[in-house]
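We use all heavy atoms of the structure for the numbers below, so side chains are in, but hydrogens, waters and symmetry mates are not.
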Amino acid sequence: MIDLHALTQRFLTLYDVQPRIFRAPGRVNLIGEHTDYNDGFVLPMAIDRGTVVAGAKRGDRHVRVHSLNFNESAEFDLDRPGGRRRGIWLDYVEGIAQALIRRGLRLTGADLALTSDVAIGGGLSSSAALEMSVGTALLGISGEEMDRVTLALAGQEAEHNYVGMKCGIMDQFIAALGKSEHALLIDCRKLEGTLIPLAIKDMRVVVCDTRVKHALASSEYNNRRAECEEGVAILKESLPGIRALRDVGWTDFDRLQERLPEVVRKRCRHVVSENERTLSAVKALQDGDAAEMGRLMAASHRSLRDDYSVSCKELDVLVESAQSVPGVVGARMTGGGFGGCTVNLVHKDALEQFRETITRDYLIETGNEALVLPVESSDCAAEIVSR
C-alpha cells in the first residue's frame with residue numbers, strides 16, 4: 001500500500017508547495033493474451049496496486065519529475081521534446097506529455113513526484129499505470145479535460161513512439177476505464193469496453209510473481225506481432241475481407257491452417273482460439289461458473305506455452321503447482337510472458353494452502369522465492385481527493 005503522507009512530505013521537501021494527488025491502477029489480465037494487437041478481445045481487471053503521482057502547477061513550460069522508486073530526478077521542456085527510446089523511466093513521462101500535446105491540449109509546466117507498488121517487468125502493467133497516472137495528473141494540473149479512450153490512446157502512442165514497444169491498447173484502456181468489482185471486456189478494434197461483474201462467489205484473484213523477466217521478452221513480443229501479420233497476409237488470399245486475426249473464425253482457420261508455415265500457424269492458432277476463450281469466459285463470469293472459467297484459463301496457458309511460445313520454466317512451475325492445490329479452479333500465465341506473473345482463481349478457504357504450496361514448489365524447482373499476492377479490483381485513473 002502506497003503511503004500518501006510520505007509521498008506528500010517528499011514532494012514538499014522537493015518543491016515546497018502543496019501537491020494534488022493522482023493515481024492509476026495496474027492490471028491483471030484474466031484471459032485474452034496477445035489478442036489486443038490482433039484487434040481481438042481481452043478481459044483484464046484493474047487492481048489495487050498502481051502508480052501515484054503528486055503534482056503542482058508551474059508558471060512556465062518545464063516539467064520537473066522525481067521518481068521515489070529510483071530516487072532519481074529529471075526535467076524536460078514541453079516545447080522542446082527530448083530524445084526518444086532512451087531506455088529510462090522518463091521516456092514514459094515525457095512520452096505521455098507529448099502525446100497529449102499532439103492532441104491539441106495546452107499543458108502547463110508541472111512539478112511531479114511519483115511512486116509505484118506495481119513491480120516493474122512483473123506483467124501487471126507498471127508502464128500503463130505510470131502513463132495514465134502522469135497523464136491524469138498533467139490534465140488535472142493544467143485544467144484540461146479528455147475523454148478516457150483518447151487518454152488511453154495517448155498512452156499507447158507514448159509506448160510506441162517514446163519507449164519503442166508496439167503494445168496493444170489493453171493496458172492503457174483498463175487503467176483509464178476500469179471499475180471496482182468488475183472486469184472489463186475490451187473490443188480492441190472498436191475501442192469499446194463492457195463492464196463484467198465479478199460474480200463468482202467466494203473466489204479470490206491471486207497473482208504469483210516469478211520475479212524474473214527474461215531478456216528476450218521485448219524483442220520476441222515484436223516478433224510475435226510480425227508473425228501474426230504474416231499469417232493475416234497469407235489467409236487474406238482465401239479470406240479477402242479480413243483485416244486482422246480477430247476476423248478469422250475457428251472453422252475458417254481449421255480449414256486453411258495448412259497453408260501457413262508451421263510457426264506462423266501456431267501463432268495464429270493461439271490468437272484465434274484465445275479470442276473464442278475470452279468471449280466464453282465472459283459468459284462463465286456472468287453465470288458464476290468458476291469451473292468453466294478455470295477450464296478456459298488452463299486451456300489459455302497451454303496455448304500460450306505450446307503455440308505462442310511465450311511461457312518459460314518459472315511460469316510453468318507456478319501453474320503446475322497451483323493446479324495441484326484443492327480449491328484452485330484456474331491458473332495461467334498473464335502478461336507478455338518470458339517471466340512475470342501468473343493469475344489464479346482460488347477459493348478463499350484455500351488461500352493459505354495455496355501460498356504454502358506455491359512457495360515450497362517454486363523454491364524447490366527454481367531456487368528462487370515467488371511472490372504470492374492476492375489482489376482486489378480497483379477503479380480507474382483519477383485524482384485522489386482528500387476527505
Side-chain angles (χ1 to χ4, degrees), residues 4 7-8 10-12 14-25 50-70 72-86 88-116 125-165 167 169 171-173 175-177 191 380-386:
L4 299 182
L7 174 63
T8 299
R10 183 66 176 139
F11 188 93
L12 288 167
L14 288 166
Y15 305 119
D16 195 27
V17 62
Q18 190 70 31
R20 295 164 65 181
I21 306 294
F22 303 83
R23 175 190 177 273
T51 298
V52 178
V53 177
K57 184 176 181 179
R58 289 174 57 87
D60 57 22
R61 298 277 289 163
H62 288 266
V63 175
R64 297 188 297 178
V65 56
H66 179 81
S67 167
L68 275 68
N69 295 82
F70 291 104
E72 293 177 356
S73 295
E75 182 175 344
F76 59 91
D77 187 332
L78 292 170
D79 294 325
R80 296 176 178 81
R84 302 181 180 191
R85 305 186 184 187
R86 295 162 291 192
I88 57 177
W89 59 269
L90 187 64
D91 289 342
Y92 298 96
V93 178
E94 187 170 6
I96 185 66
Q98 290 301 327
L100 294 175
I101 290 170
R102 276 176 40 81
R103 284 161 173 76
L105 297 179
R106 180 67 181 176
L107 299 184
T108 66
D111 288 329
L112 306 174
L114 54 92
T115 186
S116 178
S125 198
S126 59
S127 60
L130 175 57
E131 292 153 1
M132 293 298 94
S133 60
V134 171
T136 303
L138 291 173
L139 290 172
I141 290 167
S142 302
E144 293 276 8
E145 294 184 356
M146 172 178 279
D147 73 86
R148 291 305 179 113
V149 173
T150 304
L151 176 60
L153 288 168
Q156 184 190 36
E157 179 185 309
E159 199 96 27
H160 287 189
N161 293 344
Y162 265 79
V163 180
M165 174 65 79
C167 66
I169 193 60
D171 295 351
Q172 292 81 10
F173 205 99
L177 288 98
L191 296 180
C380 61
E383 182 171 5
I384 300 174
V385 179
S386 300

Problem set entry | Min side-chain heavy-atom separation P19-T8 under 4.5 Å | yes

Exercise. Within the distance-only criterion (no hydrogens, no angle test), does the side chain of S73 pair as donor or acceptor with the backbone N or O of H66 below 3.5 angstrom?
Worked result: no

Problem set entry | Sidechain-backbone polar pair: R10 side chain, A113 backbone, donor-acceptor under 3.5 Å | no

Exercise. Going through the checks in order, is the side chain to side chain contact (heavy atoms under 4.5 Å, CB included) test met by F11 and Q18?
Worked result: CA-CA 8 Å; F11 188 93; Q18 190 70 31; over 6 Å; no

Exercise. Between G109 and I141, which heavy-atom pair has the shortest distance, and what is it?
Worked result: O-CG2, 4.4 Å

Exercise. Does anything in residues 99-116 pair up under salt bridge (charged side-chain N to carboxylate O under 4.0 Å, His left out), and if so which pairs, sequence neighbours excluded?
Worked result: R58-D111, R64-D111, R102-E157, R103-E157

For this session: Give a yes or no on whether the backbone of L78 and the side-chain of Q98 come within a donor-acceptor separation of less than 3.5 Å.
Result: yes

Exercise. How long is the span from the OG1 atom in T136 to the CZ atom in R23, to the nearest 0.5 Å?
Worked result: 11.0 Å

Seminar exercise, completed: Here the gap from S133 atom OG to I96 atom CD1, rounded to the nearest 0.5 Å, amounts to 9.5 Å

Exercise. Roughly how far, to the nearest 0.5 Å, is CG of L130 from CG of L90?
Worked result: 9.5 Å

Problem set entry | Straight-line distance of L114 CG to L7 CG, nearest 0.5 Å | 8.5 Å

For this session: Please tell me if the side chains of W89 and N69 come closer than 4.5 Å, counting only heavy atoms from C-beta onward.
Result: no

Exercise. Closest heavy-atom contact between A152 and I169?
Worked result: O-CD1, 3.7 Å

For this session: Answer yes or no: does atom CG of D16 have more than 12 heavy-atom neighbours from other residues, nucleotides or ligands under 6.0 Å?
Result: no

Problem set entry | A381 versus P25, closest heavy-atom pair with distance | N-CD, 3.7 Å

Exercise. Is K57 close to V17 at the side-chain level, that is, under 4.5 Å between some pair of heavy atoms?
Worked result: no

Problem set entry | Rounded distance [0.5 Å steps], CE in M132 versus OG in S125 | 9.5 Å

Exercise. Got a donor-acceptor contact below 3.5 angstrom from the E94 side chain to the G82 backbone?
Worked result: yes

Problem set entry | Shortest non-hydrogen contact from L105 toward L139 | CD1-CD2, 3.3 Å

Exercise. Which is it for R61 and D77 under the side chain to side chain contact (heavy atoms under 4.5 Å, CB included) test, yes or no, and what are the steps along the way?
Worked result: CA-CA 6 Å; R61 298 277 289 163; D77 187 332; 4.1 Å; yes

For this session: Identify the two heavy atoms, one from D147 and one from T150, that lie closest to each other, and give their separation to 0.1 Å.
Result: OD2-OG1, 2.6 Å

Exercise. How far does CG of L138 sit from OG1 of T108, to the nearest 0.5 angstrom?
Worked result: 8.0 Å

Exercise. Can you check whether V63 reaches L107 side chain to side chain, under 4.5 Å on heavy atoms?
Worked result: no

Seminar exercise, completed: Looking only at heavy atoms, the pair that brings L112 and Y15 closest together is O-OH, 2.8 Å

